[in-house]
Amino acid sequence: MKQININVAAENKTRKVRIKPARILLHAVIISLGLLMLYPLIWMVLSSFKENTEIFQGGSFWPKSFTLENYIQGWTGLSGITFGKFFLNSLFVVGVAIIGNVLSCSMAAYAFARLDFTFKKILFAIMLVTLMLPFHVTVIPQYIMFNKLEWINTYLPLTLPKFLATEGFFIFLIVQFMRSIPRELEEAAEMDGCGPIKMYWFLIMPLSLPALITTMIFTFIWTWNDFFTQLLYLSDMEKFTVAVGLRMFVDAMGESSWGALFAMSTLSLIPLFIIFIFFQKYLIEGITTGGVKG
Amino acid sequence: MINPWGVDTSIMKSVLRKNAVAYLFLSPWLIGLLALSVIPMGASLYFSFTEYDMFSSPQWIGLENYSGMIEDPKYLKSIEVTLTYVLFSVPLQLSFALGVSVLLNRGLRGLKIYRATYYVPSLFGGSVAVALLWRQLFGGEGLVNKFLASIGIEGANWISSPDTAIYTLIILAVWQFGSPMLIFLAGLKGIPNELYEAANIDGAGKLKQFFSITLPMLTPIILFNLIMQIIGAFQAFTPAYIVSGGEGGPLDSTLFYTLYLYQKAFAHFQMGYASAMAWALLIMIAIVTAVIFASSKKWVFYQE
């Protein structure tokens with residue numbers, strides 16, 4: 001018995017050795033390509049700890065001495081409004097958008113996935129069509145409407161539409177997920193006299209949690225990165241989000257202070273990075289649902 | 001429960017009830033659809049036939065906005081810029097995504113980390129921060145030129161030269177190949193292994209296997225990625241706005257369609273003209289998508 005084990009082990013060893021060179025080469029290619037791709041980002045992060053003159057001269061990849069000067073200078077922001085304020089504003093908009101999207105999109109998805117009603121097929125088709133529409137055909141009348149309502153320079157144009165399930169992608173995503181939930185559970189609940197509203201809230205919503213998390217993650221990333229609508233609707237610096245704040249910052253400071261710009265840019269990417277690290281699985285699930293299962 | 005008209009009211013009631021509940025769940029979406037999509041679309045179609053500056057009421061001018069567009073050199077330039085961007089960035093991005101996904105789909109250890117690494121540019125790429133970074137990288141004193149100088153090549157100011165500015169934005173788009181890559185990877189996993197085993201027995205080489213198994217099996221996914229990326233590329237805004245400081249310069253060389261639309265609507269308040277531009281964009285995207293769909297019968301391979 002022992003003898004055989006050793007033989008097997010020896011064989012495995014030789015096999016591994018034989019495969020190795022090609023594999024190592026493959027790993028090497030993938031890693032160097034990856035590093036090349038990430039290089040600009042890594043360079044930006046490292047540069048944010050350099051003196052301005054050092055960034056300008058190019059010089060070494062690694063900072064001569066790490067300084068937090070750029071962060072301190074950048075954080076003070078513009079005309080007394082700090083980047084902290086921009087971050088809080090962004091987080092507020094993102095938070096409200098997440099609540100809106102999760103509620104309104106899951107409600108519509110529940111109807112499409114589980115309830116019977118007249119015009120279901122037509123409405124579902126319309127929803128899919130809205131996915132493809134460039135938003136430019138609606139943005140001008142929307143702007144005029146929000147202007148009439150005196151909502152310009154408030155967060156309402158950025159947040160209220162999320163409560164009206166305007167992002168069909170999430171409805172589609174949640175519908176796909178809800179369809180995969182076995183119906184037996186609902187049948188049992190129905191026997192116990194559970195109506196559709198309770199069913200939605202106490203049974204389907206908890207079971208759909210993975211799809212809801214995916215919705216939250218994408219809402220976070222898209223709203224955080226959104227520039228067009230924030231640029232369009234926010235004019236008061238007090239209300240600026242990080243995206244608009246950064247743009248304002250570069251206009252005001254010019255390109256003389258790349259250090260502070262890089263520092264604030266780096267900070268602006270950190271929330272996205274944290275979300276990505278922790279919820280990668282849901283993100284990938286969301287991207288591939290649209291592409292493959294659909 | 002049969003009433004004098006012979007209709008079973010209990011069934012009717014239950015149908016009504018079912019509809020009431022369903023439409024209750026649908027109501028936020030339906031309100032949004034009407035108030036934020038359908039009505040605005042109607043309004044913008046109407047505006048596109050008017051002259052409208054938001055301060056006085058719209059004046060009907062028929063097709064003048066549309067005919068004006070054809071004679072507007074800036075508009076034509078914005079189409080040229082956008083088409084250049086779409087034609088270069090989408091095929092390059094998809095080829096890159098496909099290449100990397102094939103490379104990664106070898107049962108490698110550490111696949112998850114590699115996959116995540118390659119996705120990072122897509123995660124950040126749409127942000128203002130990265131567009132700002134691009135402005136530095138490809139500027140006259142930027143990192144790219146520092147690198148070129150170190151190997152003895154004298155670089156140009158890529159961002160402020162009208163011949164090269166658009167290509168810096170194309171590189172930025174290609175760099176973000178993460179989403180199509182993930183979709184390709186999922187597609188590659190779906191190709192049955194038996195096909196490759198059979199090909200091995202027949203003695204087909206790796207390259208032959210790629211062109212006669214992998215590529216045909218992926219064509220439905222290529223079609224999906226192609227359409228999604230083209231629709232997205234037509235609407236690109238943030239990078240051009242940030243890199244060119246909102247101007248679309250130098251010499252309108254980065255005047256993306258949506259950037260020009262933004263300027264017309266929200267800087268010059270020519271709402272009629274901008275609405276006409278929006279509808280022309282919709283029509284262009286629809287035509288391109290339709291052509292690709294029509295051609296797909298020739299090149300997309302659907303399994304039974």
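Chain naming here is simple, since letters A, B, ... match the order of the sequence lines and numbering starts at 1 in each.
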Counting only heavy atoms closer than 4.5 Å, note whether [X] contacts chain A via side chain, backbone, both or neither.
{"X": "B/Met271", "value": "both"}
{"X": "B/Val130", "value": "side chain"}
{"X": "B/Arg106", "value": "both"}

Fill in: Test item: B/Ser44 side-chain N/O and A/Val137 main-chain N/O as donor-acceptor pair under 3.5 Å
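At least one qualifying donor-acceptor pair exists.
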Side chains of [X] and [Y]: closer than 4.5 Å at any heavy-atom pair?
{"X": "B/Pro121", "Y": "A/Leu38", "value": "yes"}
{"X": "A/Met132", "Y": "B/Ile231", "value": "yes"}
{"X": "B/Tyr119", "Y": "A/Gln280", "value": "no"}

Worksheet item: Looking at B/Leu30, B/Asn225, B/Val128, B/Leu24, which has the largest count of heavy-atom pairs under 4.5 Å with chain A?
Response: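 If we count pairs closer than 4.5 Å to chain A, B/Val128 comes out on top.
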Worksheet item: By side-chain contact (heavy atoms from CB on, under 4.5 Å), which residues pair with B/Ile31, not counting sequence neighbours?
Response: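 With neighbours one apart ignored, the set is A/Leu164.
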Discussion item. Using ring centroids (six-membered ring only for Trp), state whether A/Phe112 and B/Phe25 fall under 6.0 Å.
Written reply: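 For B/Phe25 and A/Phe112, the ring centres are not under 6.0 Å apart.
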Practice prompt. May I ask you to check whether B/Phe124 and A/Trp224 place their ring centres under 6.0 Å from each other?
Written response: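 Between A/Trp224 and B/Phe124, the centre distance exceeds or equals 6.0 Å.
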Practice prompt. Name all residues meeting the side chain to side chain donor-acceptor pair (under 3.5 Å) criterion together with B/Tyr273; count only those two or more places apart in sequence or in a different chain, and write none if there are none.
Written response: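 Side chain to side chain donor-acceptor pair (under 3.5 Å) list for B/Tyr273, sorted by chain: B/Asp72.
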Practice prompt. Would you tell me whether A/His136 and B/Tyr262 have side-chain atoms, one donor and one acceptor, within less than 3.5 Å of each other?
Written response: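 No, B/Tyr262 and A/His136 have no side-chain donor paired with an acceptor closer than 3.5 Å.
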